[in-house]
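Chain letters run A, B, ... following the sequence lines, proteins first and then strands; every chain starts at 1.
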Protein chains: 4
Amino acid sequence: MRFFSDNAAVAHPKVMEAIAASNHVDTAYDGDALSKRLDGVFSNLFETDVRAFWVTTGTAANCIALGALCPPYRAILCHKDAHIEVDEAGAPGFFTGGAKLVLLDGAGAKIDAETVCAACERIRPDVHQVQPAAISITNATEYGLVYRADEVAALGDVAKAKGLAFHMDGARFANALATTGESAADVTWRAGVDALSFGFVKNGGLSAECLVLFKTELADEVAVRRKRAGHLVSKGRMLAAQILALLEDGLWLENGGAANAAAQALARAAPQRLVYPVEANEVFLNVSSEEAQRLRDQGFDFYDWGPGEIRLVTSWDQRGEDVERFAAALAAL
Amino acid sequence: MRFFSDNAAVAHPKVMEAIAASNHVDTAYDGDALSKRLDGVFSNLFETDVRAFWVTTGTAANCIALGALCPPYRAILCHKDAHIEVDEAGAPGFFTGGAKLVLLDGAGAKIDAETVCAACERIRPDVHQVQPAAISITNATEYGLVYRADEVAALGDVAKAKGLAFHMDGARFANALATTGESAADVTWRAGVDALSFGFVKNGGLSAECLVLFKTELADEVAVRRKRAGHLVSKGRMLAAQILALLEDGLWLENGGAANAAAQALARAAPQRLVYPVEANEVFLNVSSEEAQRLRDQGFDFYDWGPGEIRLVTSWDQRGEDVERFAAALAAL
Amino acid sequence: MRFFSDNAAVAHPKVMEAIAASNHVDTAYDGDALSKRLDGVFSNLFETDVRAFWVTTGTAANCIALGALCPPYRAILCHKDAHIEVDEAGAPGFFTGGAKLVLLDGAGAKIDAETVCAACERIRPDVHQVQPAAISITNATEYGLVYRADEVAALGDVAKAKGLAFHMDGARFANALATTGESAADVTWRAGVDALSFGFVKNGGLSAECLVLFKTELADEVAVRRKRAGHLVSKGRMLAAQILALLEDGLWLENGGAANAAAQALARAAPQRLVYPVEANEVFLNVSSEEAQRLRDQGFDFYDWGPGEIRLVTSWDQRGEDVERFAAALAAL
Amino acid sequence: MRFFSDNAAVAHPKVMEAIAASNHVDTAYDGDALSKRLDGVFSNLFETDVRAFWVTTGTAANCIALGALCPPYRAILCHKDAHIEVDEAGAPGFFTGGAKLVLLDGAGAKIDAETVCAACERIRPDVHQVQPAAISITNATEYGLVYRADEVAALGDVAKAKGLAFHMDGARFANALATTGESAADVTWRAGVDALSFGFVKNGGLSAECLVLFKTELADEVAVRRKRAGHLVSKGRMLAAQILALLEDGLWLENGGAANAAAQALARAAPQRLVYPVEANEVFLNVSSEEAQRLRDQGFDFYDWGPGEIRLVTSWDQRGEDVERFAAALAAL
């Protein structure tokens with residue numbers, strides 16, 4: 001029973017149908033009818049004019065955005081455990097042409113306005129030190145915590161005051177919103193976010209992510225950066241089809257909610273072991289290596305997260321019976 | 001009737017079936033069972049040990065390869081109409097970190113050993129001038145010509161003599177081999193090629209291309225460069241599935257041959273108008289803008305290629321009756 | 001007798017004195033009293049507010065400017081024999097992060113508005129092709145020709161019309177102005193130039209060049225790019241001292257004029273052999289290798305410029321008797 | 001009285017004489033007679049064959065070396081207060097093409113083998129995390145501590161065991177060796193160092209630093225990287241002259257010793273206030289802002305180093321009476 005990663009989950013049947021249905025002749029790249037619908041659909045969702053760019057990975061979405069938001073000679077402030085720092089092979093350095101990540105502390109991989117301000121103050125405003133240009137946060141975070149709209153807005157205010165751009169890595173944006181019930185607009189552009197990496201692959205998609213640009217004046221640059229990085233695929237309609245299938249009828253939120261519910265069920269089974277509050281679809285538990293082995297012997301698959309800690313990730317398609325069995329096993333440890 | 005681009009064609013039904021069949025849980029990225037088969041399948045095809053890396057675009061395949069073959073401070077020799085120069089938004093500059101393309105002349109977008117040698121001789125061997133590090137050719141070329149194994153080997157000999165790496169952009173590799181009947185090995189590594197961008201998207205694939213590495217000692221670097229550029233997709237099995245569907249049972253060659261046959265039929269209809277010999281699936285014709293308009297009025301879709309010239313590209317799925325009608329229309333001009 | 005390169009000439013005694021005089025304690029980098037005078041002195045010379053940045057090489061001046069004027073994903077239009085293309089080891093690619101040089105033809109390494117427009121028109125305005133961002137010209141050119149203010153202005157008009165930045169490599173700016181007698185303002189910012197690499201090293205300086213920025217809103221970025229490239233030297237006062245020594249009392253123009261006069265004397269000796277009109281301090285002559293050998297046997301040192309051609313470069317300190325002897329030798333060939 | 005920075009000190013009279021003496025015609029760039037002597041002189045000093053490259057700044061020396069030692073997709077391990085991290089405007093990111101600095105802790109800006117090993121172990125050996133390629137240390141450190149040969153060798157052993165390159169920033173190499181009396185060879189290549197930035201500007205030089213390459217097989221690449229970064233100055237003989245003046249007759253060690261002695265005199269005056277042991281020419285003291293003001297009122301110039309801390313840096317030319325007066329003032333606080 002797989003609680004290893006939402007990355008490895010299957011795609012939703014409606015996504016697969018949409019891909020199949022998109023397999024007809026249309027213009028190449030992003031000139032097709034499906035791709036052309038994205039701007040409108042996302043603008044509706046976000047209640048403002050946005051520009052939406054499909055890509056095939058979260059790393060591409062994050063780093064194309066960061067390349068447009070941060071010049072090579074400046075810095076991006078992010079949490080020290082942010083995906084862009086830890087798990088993207090240095091892609092921010094590649095896409096920006098050598099910009100620096102300034103690493104911040106914060107419980108559960110969240111950063112706050114105070115930490116950002118303190119980091120900015122430590123940087124001498126001269127040519128010898130790398131000046132900040134952008135903030136990047138992950139929502140839900142790498143440890144499964146969720147930023148509420150007011151928390152994002154507090155960071156957005158700092159960004160505005162200091163002239164910093166503001167990026168949100170929303171690889172698990174659906175899980176975040178399914179938890180808070182807040183509007184997509186409130187937690188992003190209304191809170192000062194300039195660009196969002198809107199994740200679909202961990203949430204029922206097969207191979208489509210989306211870079212949603214609120215700072216639309218960067219659209220031409222982003223389009224070029226996507227192409228230049230080899231991310232303008234020939235038959236983009238198959239990516240647009242996936243995104244539309246998930247966005248329409250709210251399937252994305254439904255999937256996010258299902259994954260979250262499974263995580264909650266696991267959390268309730270071992271509340272005393274929780275390393276972080278469970279707010280999305282990730283559960284970090286204090287579990288010894290012997291206990292971990294016992295769980296694995298029962299057929300549960302998950303990730304070791306340093307000594308004495310494990311990470312469970314639930315997916316949109318997690319079977320209820322598997323969750324129940326895992327919950328029971330955790331409770332019985 | 002579409003003769004615009006093989007990029008825009010549909011994917012082959014077997015490819016779609018393979019994608020659907022791959023939609024089950026497996027490890028993320030390229031650790032899944034399908035992805036793991038690629039090295040073996042390509043090694044069989046090429047009769048030597050190779051390393052195969054799926055990516056989603058030809059630009060990614062080309063430029064990840066070039067990044068590994070050419071340091072930032074050196075140059076890649078290629079035809080002045082090469083795709084990497086003309087249609088990749090400067091991606092070689094991005095992936096290599098600023099390497100230079102030295103542009104060569106040659107009929108039909110082919111370059112030969114003599115031209116390469118002459119270009120090398122024009123470069124003073126000092127630190128003021130950018131020294132060459134690699135050759136890149138496209139096979140079939142951007143104008144639909146095909147390099148035979150002995151032509152590639154002549155370039156490979158130059159590359160070896162001058163210490164240059166050798167890359168082949170095989171966006172239409174299937175069309176090239178379908179024409180010559182030569183072996184994949186003879187036209188690549190046996191002729192000195194270090195890395196091949198093996199195209200599938202223009203030949204029945206949906207979203208998978210493959211970087212085939214003959215210089216296998218670069219495999220670790222290529223793997224990192226793929227990830228760093230945001231090209232290590234989460235559910236790589238859907239890419240591997242497409243490639244396997246096309247490679248197995250020779251579907252790739254069958255598709256390439258079908259597209260070529262359609263191009264030949266068109267070429268035969270207007271031999272006196274041919275700008276280049278037709279050796280793959282592209283047909284360049286001398287056609288006035290008035291004539292072009294007449295063809296369009298009859299429902300034929302194609303690309304204007306400068307004043308007085310049009311480009312037709314045939315696809316694996318070109319319907320025979322469409323080809324016949326277009327041939328008749330061309331003959332009747 | 002050296003007619004090889006103005007690069008190798010000695011520094012002017014006043015420059016050496018100024019360096020010696022600057023060897024006292026002051027703030028490091030560019031905070032010292034001499035460096036602080038540069039903006040004012042250059043603003044006077046150019047009759048407008050400029051920002052002046054000393055650097056130690058022309059390559060640094062050119063490429064720091066180009067990095068600020070052209071984003072990584074766009075192109076710089078320049079002559080195919082421009083120093084930035086031919087003799088800077090690919091530095092524009094390095095400093096811009098991978099921007100492309102689009103190479104133009106033109107007699108004597110000059111480009112004109114027509115050629116620039118034609119090049120722009122050949123670029124499809126889509127994401128597949130690299131869009132232009134800047135024009136760079138060299139004045140005096142690599143073949144010793146000089147742009148008049150109206151010629152520069154014609155290019156400046158094109159730049160403005162097409163939204164391109166405009167850079168001038170003035171490694172031999174003094175020679176150019178000494179010939180035309182035009183004002184520094186007329187041939188630069190009044191003609192649309194955004195940034196000038198103002199050369200001193202070939203004209204009596206020891207190790208100082210200057211990047212003069214007319215588009216002063218880029219000053220902060222240029223300052224950072226200079227530091228980031230390792231060009232913010234600790235004791236900048238020794239660079240500022242050189243520049244001030246040359247600028248004040250018009251020594252720079254005097255030196256440029258002396259070098260030009262020597263070149264004219266040589267040109268007059270062999271008018272039928274001139275490859276280009278002699279407008280600055282370079283003389284290109286049709287001279288067979290046997291003739292070249294005869295000249296060398298008489299003690300003259302110069303550069304072979306391809307088969308049957310030689311390049312003579314005169315310097316500010318060229319001795320009259322050497323020039324006379326060389327002129328006589330040329331006439332006697 | 002200046003205790004602000006050794007960067008701002010004057011050049012030694014012998015250096016000024018050498019510059020003046022070098023002002024004669026010779027070949028440009030580094031082909032002149034003085035530049036050609038560097039390899040030999042440094043090879044003698046280091047008792048092995050080395051390649052020596054003059055540059056004009058420490059940032060250039062450091063980052064040209066790091067660019068040759070670390071590919072764009074890997075990381076350099078260094079102290080979190082290392083000059084390359086804190087004071088070079090992100091130059092390592094620029095010169096390497098986006099490599100990452102992994103920041104280590106350590107008292108007095110020193111790192112040790114244990115810390116390096118622990119950092120390496122925290123990096124998962126997969127394509128998602130940036131793998132280390134090099135170690136960089138500063139000797140003497142940014143806080144004026146000195147690595148002994150055996151400490152360097154312990155790091156060198158780790159580097160060798162883990163396949164890492166090893167760079168030493170020796171901006172104050174003279175001060176380090178003047179303290180330990182160890183041989184230049186023992187503390188560098190015999191201890192595993194591949195490249196050394198050998199500082200002269202803080203030690204009596206005017207504008208010359210030197211990159212000393214022990215891993216001589218990288219010499220061609222370093223030469224190209226120097227040119228490409230705009231650091232191959234035209235009249236390199238004036239840089240070589242400075243270096244030769246300082247190296248010959250041991251002037252560099254004499255200067256370093258003089259600066260160190262001044263620092264020791266200051267340290268002895270306020271031993272209870274020392275933040276770090278004083279091993280080179282920097283003295284960090286616990287001094288309140290009120291006390292600092294009192295010192296400034298007496299005419300002493302120095303740097304505030306965070307709240308309650310000041311930094312004094314002594315130079316080769318520090319006048320004995322100034323040192324005595326400052327020592328007295330410190331003792332009297």
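Proximity to chain C is limited to the side chain of A/Arg225, based on heavy atoms less than 4.5 angstrom apart.
Around CD of A/Glu114, the count of heavy atoms belonging to other residues, nucleotides or ligands within 6.0 Å does not exceed 12. The number of heavy-atom neighbours closer than 6.0 Å to CG of C/Asp157, taken from other residues, nucleotides and ligands shown, is above 12. Heavy atoms of other residues, nucleotides or ligands lying less than 6.0 angstrom from CG of A/Asp220 number 12 at most.
C/Pro72 places a side-chain heavy atom less than 4.5 Å from the side chain of A/Arg228.
Taking all atoms of both residues into account, the shortest heavy-atom contact from A/Val127 to C/Lys227 is O-CG, 3.2 Å.
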Subject >> From CA spacing to verdict: side chain to side chain contact (heavy atoms under 4.5 Å, CB included), A/Leu232, C/His128 >> reply: CA-CA 9 Å; A/Leu232 183 65; C/His128 302 271; 3.7 Å; yes

